[in-house]
Amino acid sequence: MKHLYFLAICLLSTFTSQAKQANPELTALAQQYFNTMVATQAPNATNKELEAFLALLTDDVANQHLPYQTDDSREPDGKAMMRKGMTFYLGAHTEYQANLLDTFIFNDSAIALRYTHHAKGIHPQNQQEIEYTQTIMDVLEIEDGKIAVIRKYHE
């Protein structure tokens, strides 16, 4: 019985020390991604907030919204395509709030962020009122300190 107790303590301390050793650069990148992404959705968002977000991405970034968009291809102009799409929706919200629920760091190659968000506004294309509340998980693949792939999983 003493051996089982000792083994349990050893395993617990191993997992605890590994959890404390999460990559600090990726932890900071995760928070910066969330903060800048939220800033792009604010009612008063400008190109300044958009460019701060885009600065975190590789030029060939892939952006996927599952289950709606299944293509995760990286294109040489991925960042430029994101800039065009995000600019179209910039300032469309009259209300936006997000709450970060969980952050997971995987080695030196991936981050997962789970958050809830609520948005209200006017769709820029059809001028219809929109309002939604969702829980989302963003899984980010990292290359050379930048975000190379964004996968948004909608609940």
Side-chain angles (χ1 to χ4, degrees), residues 15-16 18-155:
F15 291 128
T16 302
Q18 286 177 349
K20 290 179 184 175
Q21 294 176 4
N23 182 319
E25 290 83 18
L26 288 189
T27 301
L29 180 60
Q31 190 62 55
Q32 188 177 15
Y33 169 85
F34 182 75
N35 291 343
T36 58
M37 182 269 301
V38 168
T40 67
Q41 302 303 305
N44 60 349
T46 66
N47 282 329
K48 178 182 174 188
E49 287 79 19
L50 179 58
E51 290 304 320
F53 174 76
L54 294 171
L56 304 175
L57 314 179
T58 62
D59 289 337
D60 64 344
V61 66
N63 185 29
Q64 183 181 33
H65 290 257
L66 295 160
Y68 314 111
Q69 179 187 13
T70 57
D71 183 13
D72 67 349
S73 301
R74 292 174 67 180
E75 300 292 335
D77 62 345
K79 187 190 287 192
M81 290 186 324
M82 280 192 71
R83 179 179 287 111
K84 182 179 178 182
M86 291 178 76
T87 299
F88 181 75
Y89 290 99
L90 201 60
H93 294 141
T94 55
E95 296 176 23
Y96 186 80
Q97 181 180 19
N99 182 34
L100 184 60
L101 302 172
D102 297 300
T103 303
F104 305 96
I105 307 296
F106 302 96
N107 299 318
D108 294 329
S109 61
I111 298 167
L113 300 163
R114 193 171 71 91
Y115 57 95
T116 59
H117 68 160
H118 174 80
K120 187 175 182 178
I122 305 294
H123 194 282
Q125 188 171 27
N126 60 22
Q127 303 305 306
Q128 297 284 333
E129 284 189 30
I130 55 172
E131 184 170 10
Y132 55 88
T133 301
Q134 296 176 314
T135 300
I136 305 284
M137 179 173 281
D138 287 4
V139 177
L140 314 173
E141 294 180 18
I142 311 303
E143 282 183 7
D144 299 322
K146 294 220 174 212
I147 298 164
V149 177
I150 301 170
R151 289 189 176 88
K152 288 187 175 285
Y153 293 87
H154 298 255
E155 186 175 79

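These figures come from a predicted structure and were not determined experimentally.
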Verdict with reasoning, Phe104 to Met137, per side-chain contact (heavy atoms from CB on, under 4.5 Å): CA-CA 10 Å; Phe104 305 96; Met137 179 173 281; 4.2 Å; yes
From Asp138, Asp102, Thr135, Asn99, residue fulfilling side chain to side chain donor-acceptor pair (under 3.5 Å) relative to Tyr115: Asp138
Residues that Glu49 engages under salt bridge (Lys or Arg N to Asp or Glu O under 4.0 Å), provided they are two or more places apart: none
Run Leu29 and Leu140 through side-chain contact (heavy atoms from CB on, under 4.5 Å) and show every step you take. CA-CA 10 Å; Leu29 180 60; Leu140 314 173; over 6 Å; no
Give the intermediate values and the outcome of side chain to side chain donor-acceptor pair (under 3.5 Å) for residues Ser73 and Asp71. CA-CA 6 Å; Ser73 301; Asp71 183 13; 2.5 Å; yes
Which atom pair, heavy atoms only, marks the closest approach of Leu56 to Thr36? CD1-OG1, 3.4 Å
Intermediate values then yes/no, side-chain contact (heavy atoms from CB on, under 4.5 Å), His154 and His65: CA-CA 7 Å; His154 298 255; His65 290 257; 3.3 Å; yes
Value rounded to 0.5 Å, distance of CZ in Arg83 from CG in Asp77: 11.0 Å
Hey, is the main chain of Ala55 close enough, under 3.5 Å, to the side chain of Lys79 for a donor-acceptor pair? no
Set of residues satisfying ring pair (Phe, Tyr, Trp, His ring centres under 6.0 Å) with respect to Tyr96, sequence neighbours excluded: His93, His117
Provide the closest heavy-atom pair for Thr103 versus Ala30 in the form atom of the first, atom of the second, distance. CG2-CB, 3.8 Å
Can you check whether Glu143 reaches Arg74 side chain to side chain, under 4.5 Å on heavy atoms? yes
Please report the interatomic distance CG(Asp108) to CG(Asp144), rounded to the nearest 0.5 Å. 11.5 Å
Would the distance check show the side chain of His118 and the main-chain N or O of Tyr132 forming a donor-acceptor pair, the cut-off being under 3.5 Å? yes
Rounded to the nearest 0.5 Å, how far does CD1 of Ile105 lie from CD1 of Ile111? 4.5 Å
How long is the span from the CZ atom in Phe53 to the CD atom in Gln32, to the nearest 0.5 Å? 11.0 Å
Atom of Leu100, atom of Phe34 and distance for their closest heavy-atom approach: N-CZ, 3.6 Å
List the atom of Gln64, the atom of Asp72, and the distance in Å for their closest heavy-atom pair. OE1-CB, 3.4 Å
Within the distance-only criterion (no hydrogens, no angle test), does the side chain of Asn23 pair as donor or acceptor with the backbone N or O of Glu25 below 3.5 angstrom? yes
Nearest heavy atoms of Thr40 and Leu90, plus distance in Å: O-CD1, 3.7 Å
Donor-acceptor pairs under 3.5 Å, side chain of residues 119-127 to any protein atom, not counting sequence neighbours: which ones?
from: His123; atom 1: ND1; to: Gln125; atom 2: N; distance (Å): 3.0
from: Asn126; atom 1: OD1; to: Gln128; atom 2: N; distance (Å): 2.9
from: Gln127; atom 1: NE2; to: Pro124; atom 2: O; distance (Å): 2.8

Could you check whether Thr58 and Asp60, counting side-chain N and O atoms only, form a donor-acceptor pair closer than 3.5 Å? yes
Starting from the C-alpha separation in whole Å, work towards a yes-or-no answer on side-chain contact (heavy atoms from CB on, under 4.5 Å) for Leu113 and Met37. CA-CA 12 Å; Leu113 300 163; Met37 182 269 301; over 6 Å; no
For Gln134, is the CD atom crowded, meaning more than 12 foreign heavy atoms sit under 6.0 Å from it? yes
Closest heavy-atom contact between Val61 and Ile147? CG2-O, 3.7 Å
About how many Å separate CG of Leu57 and OH of Tyr33, when rounded to the nearest 0.5 Å? 8.0 Å
Distance col, row Met82:CE vs Asp59:CG, nearest 0.5 angstrom, shows 12.5 Å
